[in-house]
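Here is the structure we will look at.
When a residue number appears, it is its place in the shown sequence, counting from 1. Counting starts at 1 for both ligands and their atoms, in listed order.
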Amino acid sequence: MTKDTSNQMWGGRFAAGPDAIMEAINASIGFDQRMAAQDIAGSRAHAAMLAKAGILTDNDAEAIREGLLTVLSEIDAGTFAFSTALEDIHMNVEARLKDIIGEPAGRLHTGRSRNDQVATDFKLWVRDQLDAAESGLLALIRALLSQAEAGADWVMPGFTHLQTAQPVTWGHHMLAYVEMFGRDLTRFKDARARMNESPLGAAALAGTSFPIDRHMTAEALGFDRPAANSLDAVSDRDFALEFLAASSICAMHLSRFAEELVIWSSAQFRFVTLSDRFSTGSSIMPQKKNPDAAELIRAKVGRIFGANTALLMVMKGLPLAYSKDMQEDKEQVFDAADNLMLALAAMEGMVKDMTANRDSLEAAAGSGFSTATDLADWLVRALNMPFRDAHHVTGTLVAMAEERGCDLPDLTLEDMQSVHSAITADVFGVLGVHNSVASRMSYGGTAPTRVREQAARWREIVG
Ligand code: ARG
């Protein structure tokens with residue numbers, strides 16, 4: 001074998017090229033080409049810094065800059081020929097740069113390594129996803145907020161154990177998700193602030209003997225500062241894990257809401273009607289309108305959790321610094337990011353388009369003895385009864401109503417007095433669902449007044 005068959009980037013000491021299987025397991029170009037723009041941005045920042053530091057001539061730096069722009073335009077135009085033999089995006093870009101500008105291309109890799117290069121590219125890519133998740137969440141929060149504003153005083157059953165518990169308002173239920181997605185938003189923001197340190201210039205693992213300026217490249221790439229330890233900079237992927245962890249929690253929230261939409265849109269509940277745009281039909285049952293988007297959102301959480309677990313497993317046994325295992329980080333993150341963004345957009349679309357069926361919500365709100373707690377509270381307030389006794393009296397009245405097949409407000413005053421003689425007609429004032437929700441004025445409670453206050457607070461925040 002001649003040297004020509006070995007890798008042109010690192011083949012100096014190799015007499016033979018890699019086996020086809022070796023090439024197949026080793027190459028990442030099939031997926032890391034998604035980081036082409038980040039790779040070229042990193043190289044441009046590095047070349048400009050090398051010139052400023054006197055490590056590259058201005059002429060070479062200019063040739064590199066121009067050449068990299070050409071490479072980027074070829075990639076954007078879809079005319080770039082990616083090569084598996086060149087392993088990854090870093091070497092594909094550099095090799096093409098050499099075709100275009102010749103010798104100066106070989107000077108670009110001074111004072112850096114693929115280890116800091118890949119960490120930089122991947123951080124830039126993940127940073128964009130953190131921003132995308134934030135915008136996706138903001139859009140979803142706005143859609144939920146519109147629902148909450150429209151139905152601040154619509155009543156519906158609130159559940160615990162999926163059994164009717166107490167009446168709540170539609171707006172209150174929507175705002176519960178606004179709170180959850182609001183916390184997700186801050187998780188992505190926190191992760192972004194923590195990860196925004198530049199690995200570039202950490203080189204292979206130990207830093208470099210060239211007089212590079214890491215502050216300059218960090219600034220050019222929008223990082224807050226260079227990472228302070230070169231070993232850490234090339235070898236941790238906690239930024240990707242934080243993205244996956246925050247994505248997992250967000251996907252879990254999306255999934256819970258999706259589950260509610262599946263239940264609510266069923267013929268048995270009819271709490272909401274999903275739009276045709278976000279439903280599908282059945283090829284055999286003409287009456288069907290299926291909440292497929294909600295079901296798929298509910299399922300997405302599995303692969304996002306899976307990605308998080310997979311990357312934790314990849315990382316957990318690795319000694320410092322870089323190991324090739326870490327190449328397995330990208331596909332997990334790419335897949336999780338794609339699916340999270342899709343799920344956020346689909347949920348936003350569904351929420352924007354869906355109609356809450358006010359009458360069904362109200363009818364359901366009053367059934368299932370949902371105002372039993374209001375009755376017990378009334379006994380405490382009006383008759384100064386200890387709550388435990390009030391609970392017992394109310395339980396007896398619920399049993400009576402259940403036996404008659406009616407709801408609490410349908411019992412007569414005589415019925416009530418047969419259980420406790422001091423009960424007066426005033427009690428009927430608290431048995432209606434509207435009175436019930438209106439009375440829950442405690443901070444964070446379901447009263448329409450409180451819901452409107454919280455909706456206004458969120459509107460201020462998200463616009
Ligand atoms: N394709 C590699 C990755 O994604 C780039 C870094 C390779 N570094 C090395 N020392 N072989 O991790």
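At a cut-off of 3.5 Å, with distance as the only test, a side-chain donor of Asn357 or Thr273 sits close to an acceptor on the other residue. Gln117 and His46 form no side-chain donor-acceptor contact under 3.5 Å, judged by distance and modelled atom types alone.
Of all the listed residues (Arg237, Met91, Gln327, Lys330), Gln327 holds the heavy atom that lies closest to atom 2 (C) of ligand 1.
The single protein non-hydrogen atom nearest to atom 8 (N) of ligand 1 is Asn115 OD1, 2.9 Å, given as residue, atom name and distance. The single protein non-hydrogen atom nearest to atom 12 (O) of ligand 1 is Tyr322 OH, 2.4 Å, given as residue, atom name and distance. Looking from atom 11 (N) of ligand 1 to the surrounding protein, the closest heavy atom is Arg114 NH2, 3.5 Å.
Just one of His253, Met252, Glu134 meets the side chain to side chain contact (heavy atoms under 4.5 Å, CB included) condition when paired with Asp184; it is His253.
For ligand 1 and Val118, the ligand atoms under 4.0 Å from any heavy atom of the residue are 3 (C), 4 (O), 5 (C), 6 (C). Listed by atom number, the atoms of ligand 1 under 4.0 Å from Asp88 heavy atoms are 1 (N), 2 (C), 5 (C). Which parts of ligand 1 touch Ser28 is read off a 4.0 Å heavy-atom cut-off, strictly below it: atoms 1 (N).
Annotation: Phe334 is in aromatic contact with Trp125 [ring centroid separation under 6.0 Å].
In this structure, Glu87 falls outside the shell of residues with a heavy atom less than 4.0 angstrom from ligand 1. Using a 4.0 angstrom heavy-atom cutoff, His90 counts as in contact with ligand 1.
Judged by the 6.0 Å distance and 45° axis criteria, Arg127 is positioned over the aromatic ring of Phe223.
Using a 30° and 60° split on the angle between ring planes, Phe122 and Phe239 fall in the perpendicular class, above 60°.
Of the charged side-chain nitrogens involved, none lies within less than 4.0 Å of a carboxylate oxygen, so that Glu328 and Lys324 do not count as a salt-bridged pair.
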